[in-house]
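Step one of this worksheet: look at the structure below.
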Amino acid sequence: MSLNSSKALFVDQDANFSVRDDIYHEHNDPNELFIETLYSGVNPADSKHATLLGIRSTVIGYDFCGRILSAPSGSNFSNGDIVAGYTPSRIGRPTKYGTHQPQLLCPEDLVFRVPSNLSESHAAALTVVAMTAADAVFNIFKLPLPTTPAVFSSPILIWGASSSVGICAVQFLRASGCQNIFVTASPARHALLRSLGATHVFDYSSSTVVGDIAAAVEALGQGPITNALDAVGTFTTPSSADMVAQSVKNSAAILASVVKFDEGFQMPLALIKDGFHVHPLGAPHPISIPAQPERHWRAWEGFQWAVKNYGTKFKLPSVEVFDGTAEDALQEIIKVGGEGRGFGKLVIRQPFR
Ligand SMILES: NC(=O)c1ccc[n+]([C@@H]2O[C@H](COP(=O)([O-])OP(=O)(O)OC[C@H]3O[C@@H](n4cnc5c(N)ncnc54)[C@H](OP(=O)(O)O)[C@@H]3O)[C@@H](O)[C@H]2O)c1
């Protein structure tokens, strides 16, 4: 057991967030890497998993880029390697897995070596959103991996495509061979999304958006939308998933949503290698998410293509580095999980100031 050397962002059993400097780590798992965090990546899940899924009494954060301080004997990694990846989630998650702290532990198989084409700050922003998009495209939609692309001409819809999950999904679709990628986003994002592979762009807030999509599908003449992803997961009325359902006239279409697995939707998941429990707000009991290792490793293969081709065939167009106090970082993280910070990814330079 060792004392973390500086401040960590903690959530207690009552879902109160705070800055702590008394966090101890258990070093007892032989397949784990001990890592000095260089950047911790921010996701809505960092706060939402505590408030909505019961993952509490832990240090928050999943994404990271760091330097290996200690690798177990027989490891594929060496001390000093610069790596990135993400850490497991579950009820009872140990504090050592939280990434918003200067040192963490991570199972070796959730980590990749950061290549020279990928900066450390971008590496820290990538794994959660790209793995979620990869699960949607390569597992739920069952489209080919970028290493074996095939022409697919039926229209596919990504709703909320300028979310970070959506940005990754559009690029995976392009790399998979999809010819007709329909997206909704704010008009300010349309040119960017076209440059990343979108072929038909619509404003999600337009009162005519559903009809506009239907008219474009008709004009294209490649049949109905066969696959659609709600990549933003709003809970407005109507929700973004409701808008997907309204826009897809084909009852045989495969529908996915980042926050929903009922009413005909399947939910992509960032990490399903191992099973885990969560306790959704209002549910009488925790629910079990079963392990699906084959699904995980297929998404990981697509993700590793993105890492290898980062900067040329795949990118996150906006990654902001926050360099400040732990207290200020915590406020930004809570904002991301609440009303949002708008377009782009946020990563936090570690250690906090
Ligand atoms: N299931 C999983 O394992 C998993 C993993 C990761 C994330 N998620 C979930 O996926 C969602 C997206 O996460 P993220 O980190 O990618 O989000 P993000 O990058 O923070 O998304 C920001 C973008 O959302 C878009 N947006 C906001 N309101 C919208 C609306 N009403 N309709 C369409 N787009 C809207 C905005 O697009 P414009 O700029 O175009 O307005 C904004 O740029 C979240 O709900 C998150 O919790 C789930």
Side-chain angles (χ1 to χ4, degrees), residues 41-53 55 61-63 86 88-90 125-137 139-140 157-172 182-194 196 198 201-206 209-210 213 228-244 246-247 256-261 265-273 276 278 280 289 292 295-296 299 303 316-320 332-347:
V42 179
N43 289 284
D46 297 356
S47 59
K48 278 174 31 178
H49 279 189
T51 54
L52 301 180
L53 295 180
I55 298 167
Y62 295 105
D63 271 324
Y86 59 178
S89 183
R90 61 170 186 259
L126 197 55
T127 308
V128 166
V129 290
M131 280 295 287
T132 307
D135 190 38
V137 171
N139 291 320
I140 296 177
L157 174 65
I158 307 293
W159 194 280
S162 39
S163 74
S164 304
V165 173
I167 290 270
C168 293
V170 167
Q171 295 174 90
F172 281 137
F182 285 47
V183 303
T184 72
S186 295
R189 264 13 113 206
H190 287 185
L192 171 70
L193 285 161
R194 281 188 189 280
L196 298 176
V201 293
F202 305 88
D203 178 1
Y204 60 74
S205 60
S206 162
V209 62
V210 169
I213 291 172
L229 169 67
D230 159 27
V232 62
T234 69
F235 290 101
T236 45
T237 306
S239 69
S240 46
D242 292 335
M243 296 305 290
V244 166
Q246 286 180 33
S247 303
S257 168
V258 283
V259 296
K260 190 173 165 66
F261 52 82
F265 283 83
Q266 300 177 61
M267 188 159 88
L269 289 168
L271 179 51
I272 39 164
K273 185 175 72 65
F276 58 99
V278 296
I289 314 287
Q292 296 183 62
R295 186 171 150 182
H296 171 84
F303 172 52
L316 294 172
S318 169
V319 177
E320 179 187 339
E332 295 302 316
I333 290 167
I334 290 171
K335 200 184 292 177
V336 168
E339 73 269 28
R341 287 179 88 252
F343 179 68
K345 289 294 295 180
L346 179 69
V347 300

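Reckoned from all heavy atoms, side chains included, excluding hydrogens, waters and symmetry mates. We count ligands from 1, going down the list as the structure has it; atoms in each ligand are counted the same way. Since this is a predicted model, take the numbers as computed values, not measurements.
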Note: M131 and A270 closest approach over all heavy atoms is CB-O, 3.5 Å

ring-ring contact (aromatic ring centres under 6.0 Å, His included) partners for F172, two or more places apart | F138, F314

Could you name each residue pair satisfying side-chain hydrogen bond (donor to acceptor under 3.5 Å, both in side chains) that touches residues 336-347, not counting sequence neighbours?
-> N43-K345, E320-R341, E332-R341

Check ligand 1 for close polar pairs with the protein: N or O on both sides, less than 3.5 Å.
unit_1	atom_1	unit_2	atom_2	d
ligand 1	1 (N)	V258	O	3.1
ligand 1	1 (N)	P268	O	2.9
ligand 1	3 (O)	A270	N	3.0
ligand 1	16 (O)	S164	N	2.9
ligand 1	16 (O)	V165	N	2.8
ligand 1	19 (O)	S164	N	2.9
ligand 1	19 (O)	S164	OG	2.8
ligand 1	37 (O)	S162	OG	3.1
ligand 1	39 (O)	R189	NE	2.8
ligand 1	39 (O)	R189	NH2	3.0
ligand 1	40 (O)	S162	OG	2.4
ligand 1	40 (O)	S186	N	2.9
ligand 1	40 (O)	S186	OG	3.3
ligand 1	41 (O)	S186	OG	2.4
ligand 1	41 (O)	Y204	OH	2.6
ligand 1	43 (O)	F343	N	3.4
ligand 1	45 (O)	K48	NZ	3.4
ligand 1	45 (O)	V232	O	3.0
ligand 1	47 (O)	K48	NZ	2.9

Under 3.5 Å: donor-acceptor pair, side chain of H190, backbone of A185 | yes

Residues which pass side-chain contact (heavy atoms from CB on, under 4.5 Å) with I334, listed by chain and number, not counting sequence neighbours | F17, L330

Under 3.5 Å, is there a donor-acceptor pair between the side chain of T184 and the main chain of G160?
-> yes

